Every structure is written in C-alpha cells, then in structure tokens.
Amino acid sequence: MQTSSLVFALFAGFSGLRIFSYLPQIYRVACDANGASAISYATWSSWVGANLATALYALANLGDLLLAGVSLVYAACCATVIALTIAKRHGLARRMAAQQRHSPAARQLIEMPASIG
C-alpha cells in the first residue's frame with residue numbers, strides 16, 4: 001500500500017468517526033437542563049472557523065470537494081452545538097427569572113410595607 005493510500009484511508013476512517021463523535025455531544029446539549037454550562041462558546045466557535053477555513057482552502061487551493069464537504073459537515077455540527085447551547089442558556093435564564101418572580105421570598109419583599117426599615 002502506498003503512503004498516499006494509507007493516509008487517505010486514515011483520513012476517511014477518522015473523518016467518519018469524527019462525524020459520529022459529534023452526535024453524542026449534540027444529544028447531551030439538547031437534553032441538558034442546566035443551560036449547557038460545560039460548553040465553551042469560544043472553543044466551539046473556533047472549531048466552526050477552523051472547519052470553514054479548511055473547506056474554503058480545500059475548494060480554493062486543492063479543488064478537493066470531498067475535503068470541503070466533510071469540513072462543512074464538521075462546521076455544521078459545531079454550529080449546531082452552539083445554537084443548542086444558546087437556546088438552552090436562554091431557556092434557563094427565563095426559567096430562573098420566572099422562579100425569582102414567583103418565589104415566596106420574592107413575593108414577601110414585594111408585599112412588604114414601605115414603612116418597614
């Protein structure tokens with residue numbers, strides 16, 4: 001087997017694994033009830049940028065549609081994690097605000113006469 005064939009086989013194999021490795025992360029973020037606090041916007045955004053840059057490089061400099069295509073899929077998976085995280089954090093913030101508005105302690109403060117204190 002030539003070196004280039006071996007390198008392509010490694011690329012294809014790990015690329016396939018990489019695509020499937022995003023799915024558990026996407027699932028975990030989608031099911032997270034705590035605002036996906038372990039997700040770093042900076043990290044996932046840099047991966048989106050790196051994957052988009054790879055896709056553009058593959059198209060512009062190599063004419064490699066396969067590399068460009070899989071890089072776009074990787075970027076889409078990373079962007080999905082970011083979008084789900086934004087939605088989860090927004091939903092958590094709304095739930096927390098609603099709890100504060102309706103908590104007994106908050107109601108006591110609101111109902112407290114102004115003359116106290």
Side-chain angles (χ1 to χ4, degrees):
M1 180 181 265
Q2 290 183 345
T3 303
S4 62
S5 297
L6 177 62
V7 169
F8 179 77
L10 288 170
F11 170 75
F14 281 105
S15 291
L17 289 174
R18 185 175 172 184
I19 289 172
F20 289 109
S21 73
Y22 286 115
L23 298 178
Q25 184 69 55
I26 290 169
Y27 176 78
R28 295 291 298 230
V29 172
C31 294
D32 190 288
N34 298 311
S37 60
I39 300 299
S40 165
Y41 286 132
T43 299
W44 284 89
S45 296
S46 71
W47 291 340
V48 170
N51 287 313
L52 290 176
T54 301
L56 291 172
Y57 181 85
L59 283 175
N61 296 346
L62 304 176
D64 189 335
L65 294 177
L66 176 63
L67 179 58
V70 296
S71 295
L72 288 174
V73 170
Y74 300 154
C77 289
C78 293
T80 299
V81 170
I82 293 169
L84 286 171
T85 301
I86 290 168
K88 288 295 181 169
R89 289 184 184 170
H90 181 70
L92 179 64
R94 281 188 310 179
R95 284 193 310 276
M96 289 177 68
Q99 280 180 338
Q100 287 176 345
R101 283 194 306 269
H102 301 295
S103 72
R107 273 186 263 135
Q108 280 181 331
L109 288 173
I110 293 169
E111 296 168 358
M112 191 179 296
S115 61
I116 296 178

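Predicted model only: the values in this text are computed from it and were never measured.
- Applying the side chain to side chain contact (heavy atoms under 4.5 Å, CB included) test between Arg89 and each of Ile86, Leu92, Thr85 identifies Thr85 as the sole match.
- Of all heavy-atom pairs between Ser71 and Thr54, the closest is OG-CG2, 3.2 Å.
- The OH atom of Tyr22 sits 7.0 Å away from the OH atom of Tyr74 when rounded to the nearest 0.5 Å.
- We find the CG-OG1 distance between Leu23 and Thr80 to be 10.0 Å, quoted to the nearest 0.5 Å.
- With Asn51 contributing its side chain and Trp47 its backbone, the two residues share a donor-acceptor pair below 3.5 Å.
- Under a hydrophobic-cluster definition in which Ile, Leu, Val, Met, Phe, Trp and Tyr are linked whenever side-chain heavy atoms come within less than 4.5 Å, directly or via other members, Tyr41 and Val48 are assigned to the same cluster.
- The shortest heavy-atom contact between Leu52 and Ala75 is CD2-CB, 3.8 Å.
- Nearest heavy atoms, Ala58 versus Ala68: CB-N, 3.7 Å.
- Note that the SG atom of Cys77 and the CZ atom of Arg18 stand 9.5 Å from one another [nearest 0.5 Å].
- Counting all heavy atoms, side chain and backbone alike, Asp32 lies closest to Ala36 at OD1-N, 3.0 Å.
- With hydrogens and angles disregarded, no donor-acceptor distance shorter than 3.5 Å links the side chain of Ser45 to the backbone of Ala42.
- At distances below 3.5 Å, not a single donor-acceptor pair connects side-chain atoms of Lys88 with backbone N or O atoms of Asn34.
- Expressed to the nearest 0.5 Å, how far SG of Cys31 lies from CD1 of Ile26 amounts to 12.0 Å.
- Classified by interplanar angle (parallel below 30°, tilted 30° to 60°, perpendicular above 60°), the ring pair Phe11/Phe8 is tilted.
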Please evaluate residues Leu59 and Leu65 with respect to the criterion side-chain contact (heavy atoms from CB on, under 4.5 Å), reporting the C-alpha separation (whole Å), side-chain torsions for both, the decisive distance (0.1 Å), and the verdict. CA-CA 6 Å; Leu59 283 175; Leu65 294 177; 3.5 Å; yes

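- Within a 6.0 Å radius of OH in Tyr27, no more than 12 heavy atoms belonging to other residues, nucleotides or ligands are found.
- Linking Ile, Leu, Val, Met, Phe, Trp and Tyr residues whenever their side-chain heavy atoms come within less than 4.5 Å leaves Leu56 and Leu67 in two separate clusters.
- No continuous path of hydrophobic side-chain contacts links Leu62 to Val7 [ILVMFWY only; heavy atoms under 4.5 Å].
- Under a hydrophobic-cluster definition in which Ile, Leu, Val, Met, Phe, Trp and Tyr are linked whenever side-chain heavy atoms come within less than 4.5 Å, directly or via other members, Val73 and Phe14 are assigned to different clusters.
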